[in-house]
Protein chains: 2
Amino acid sequence: MGRSAVNGQLDLLLLASLGAGEAHGYALIARIHERSGSRLELQEGSVYPALHKLEASGSVASRWADDGGGRRRVYALTTAGQTELARRAEEWNGFAAAVRGVLGAAS
Amino acid sequence: MGRSAVNGQLDLLLLASLGAGEAHGYALIARIHERSGSRLELQEGSVYPALHKLEASGSVASRWADDGGGRRRVYALTTAGQTELARRAEEWNGFAAAVRGVLGAAS
DNA sequence: GCCTATACCTAGATTGCCTAGGTATGGGAC
DNA sequence: GTCCCATACCTAGGCAATCTAGGTATAGGC
């Protein structure tokens, strides 16, 4: 098992991070690392395919930006993506509550 | 994706449920279903292999019980299993906090 | 002109769990 | 008294998520 182990929440994490403003892949990795309190260290090999999948499904849109530096693909949340984010966040809250319920009963 | 989607927390759920007292496989499924507020419906095909794995790693011990009815394999948490439960619970709390951190920043 | 950092990409392997079967026993219907 | 269903256990194989381990390209420091 890898060091971060996102346990099925990769899409949620990416959508939520994009909810804070458009960004390119590398920046998203940094953003998630930061906001998770350094607990999540996503790998590029996980993030890029996930972003492509989210774009294919219409949750995010991308454009190429050449701000002087090298090529960058900047992703932004679409309207459908905002809906999807809300749906997944609720799903996560339900799952977390379910685990808390099972854990809480033991203590 | 199945209907319950335990997202890598199957072992934790089983250990936590056994923390509330020894039980056999079928009863564990019912216990988790109940304590999760009916949100988690584990399948036998997930639970039994997981219990065997936990027994092989020393976290649980089993004995056959024939209380009048058909054969039943009753599982109980070992001392090592209690340590493992604490470790995994802490791991879960860390992960949940990380996700909250990423989600919270968006709102 | 080379090395490093930034940035992006993909194929293939691994892992974890579910699907879909199967066995066995006991009790109620009839 | 036998058929069916519920309880209880088990396994092989498949599938989906994501990680590993490579690769490409550009810009800037030295």
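The analysis underlying the following values was restricted to heavy atoms, covering all of them including side chains, and did not include hydrogens, waters or symmetry mates. All chains are named by letter (A, B, ...) in the order of the sequence lines, taking the proteins before the strands, and each is independently numbered beginning at 1.
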(message) Given C:dC9, D:dT11, D:dC9, identify the nucleotide with an atom nearest to the side chain of A:Y48.
(response)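 So the side chain of A:Y48 is nearest to C:dC9.
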
(request) Please determine, for the side chain of A:S46, which listed nucleotide (C:dC17, C:dC8, D:dT18) has the closest atom? (result) D:dT18

(message) In this structure, would A:L28 and A:V74 fall into the same cluster of hydrophobic residues linked by side-chain contacts under 4.5 Å?
(response)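 They do not share one cluster, since no chain of ILVMFWY contacts under 4.5 Å joins A:L28 to A:V74.
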
Whole-Å distance separating the [atom1] atom of [X] from the [atom2] atom of [N]:
{"X": "B:D11", "N": "C:dC17", "atom1": "CG", "atom2": "C1'", "result": "11 Å"}
{"X": "A:L14", "N": "C:dC8", "atom1": "CG", "atom2": "P", "result": "13 Å"}
{"X": "B:L42", "N": "C:dC18", "atom1": "CG", "atom2": "P", "result": "7 Å"}
{"X": "B:W64", "N": "D:dA8", "atom1": "CH2", "atom2": "P", "result": "12 Å"}
{"X": "A:I29", "N": "C:dC8", "atom1": "CD1", "atom2": "P", "result": "9 Å"}
{"X": "B:Q43", "N": "D:dC10", "atom1": "CD", "atom2": "P", "result": "17 Å"}
{"X": "A:K53", "N": "D:dC19", "atom1": "NZ", "atom2": "P", "result": "12 Å"}
{"X": "B:R31", "N": "D:dA8", "atom1": "CZ", "atom2": "P", "result": "13 Å"}

(request) Flag the pair A:E84 / A:T78 as yes when at least one side-chain heavy-atom distance between them is below 4.5 Å, and no otherwise. (result)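 They are not in side-chain contact.
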
(message) Within the 4.5 Å heavy-atom criterion, are B:L12 and A:V102 side-chain neighbours or not?
(response)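 With C-beta onward as the side chain, the pair stays apart.
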
(message) Once salt bridge (Lys or Arg N to Asp or Glu O under 4.0 Å) is applied, what residue pairs with a partner in residues 16-27 of chain A remain, sequence neighbours excluded?
(response)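 Salt bridge (Lys or Arg N to Asp or Glu O under 4.0 Å) check on residues 16-27 of chain A returns A:E22-A:R63.
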
(message) The test is side chain to side chain contact (heavy atoms under 4.5 Å, CB included); show your working for A:V99 and B:V6 and say whether it passes.
(response) CA-CA 9 Å; A:V99 174; B:V6 289; over 6 Å; no

Contact under 4.0 Å: [X] side-chain N or O vs [N] OP1/OP2:
{"X": "B:Y26", "N": "D:dT7", "value": "no"}
{"X": "B:H52", "N": "D:dC9", "value": "no"}
{"X": "A:R73", "N": "C:dC9", "value": "yes"}

(message) Angle between ring planes, B:Y75 versus B:H52, binned at 30° and 60°: parallel, tilted or perpendicular?
(response)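 Rings of B:Y75 and B:H52: tilted, 30 to 60°.
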
(request) Would you name the heavy atoms of A:L10 and A:A50 that are closest together and state the gap between them? (result) CD2-CB, 3.7 Å

Mind listing the N/O atom pairs, protein and nucleotides 21-24 of chain D, below 3.5 Å?
none

